[in-house]
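A short worksheet on the structure shown next.
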Amino acid sequence: MACRDCRTCTDAALVRLVKWCFAVFCYVVTLGVLYVLKHGLRRHCPQCGHVLANHRRRADGSFKD
């Protein structure tokens, strides 16, 4: 499921594929340590599952809807 405030969700399909391939490569090279750190220490969007830091926000800190 995608959301409209997430930079990752609104990227073109080819860009998402390249980002995904790079992430998988990094996770394999580090034997999953980066995956554990990313998913264990960062907050994620309940709608799309991506890191909340990648979501666009207004100047007051609320999400752009």
Which value, rounded to the nearest 0.5 Å, describes the distance between F25 atom CZ and L34 atom CG? 11.5 Å
Is a side-chain N or O of R16 found less than 3.5 angstrom from the main chain of D11, in a donor-acceptor match? yes
Full working for side-chain contact (heavy atoms from CB on, under 4.5 Å) between V18 and F22: CA-CA 6 Å; V18 170; F22 180 71; 5.6 Å; no
Does K38 reach the side chain of V51, with side-chain heavy atoms less than 4.5 Å apart? yes
Flag yes if V33 and L41 sit in one hydrophobic cluster, no otherwise; membership is Ile, Leu, Val, Met, Phe, Trp, Tyr, and two members link when side-chain heavy atoms are under 4.5 Å apart. yes
Can you confirm whether Y35 is buried at OH, in the sense that more than 12 heavy atoms of other residues, nucleotides or ligands lie under 6.0 Å from that atom? no
Closest approach of C6 and C3, non-hydrogen atoms and distance? CB-SG, 3.4 Å
Side-chain (H44) to main-chain (R42) donor-acceptor, under 3.5 angstrom: yes
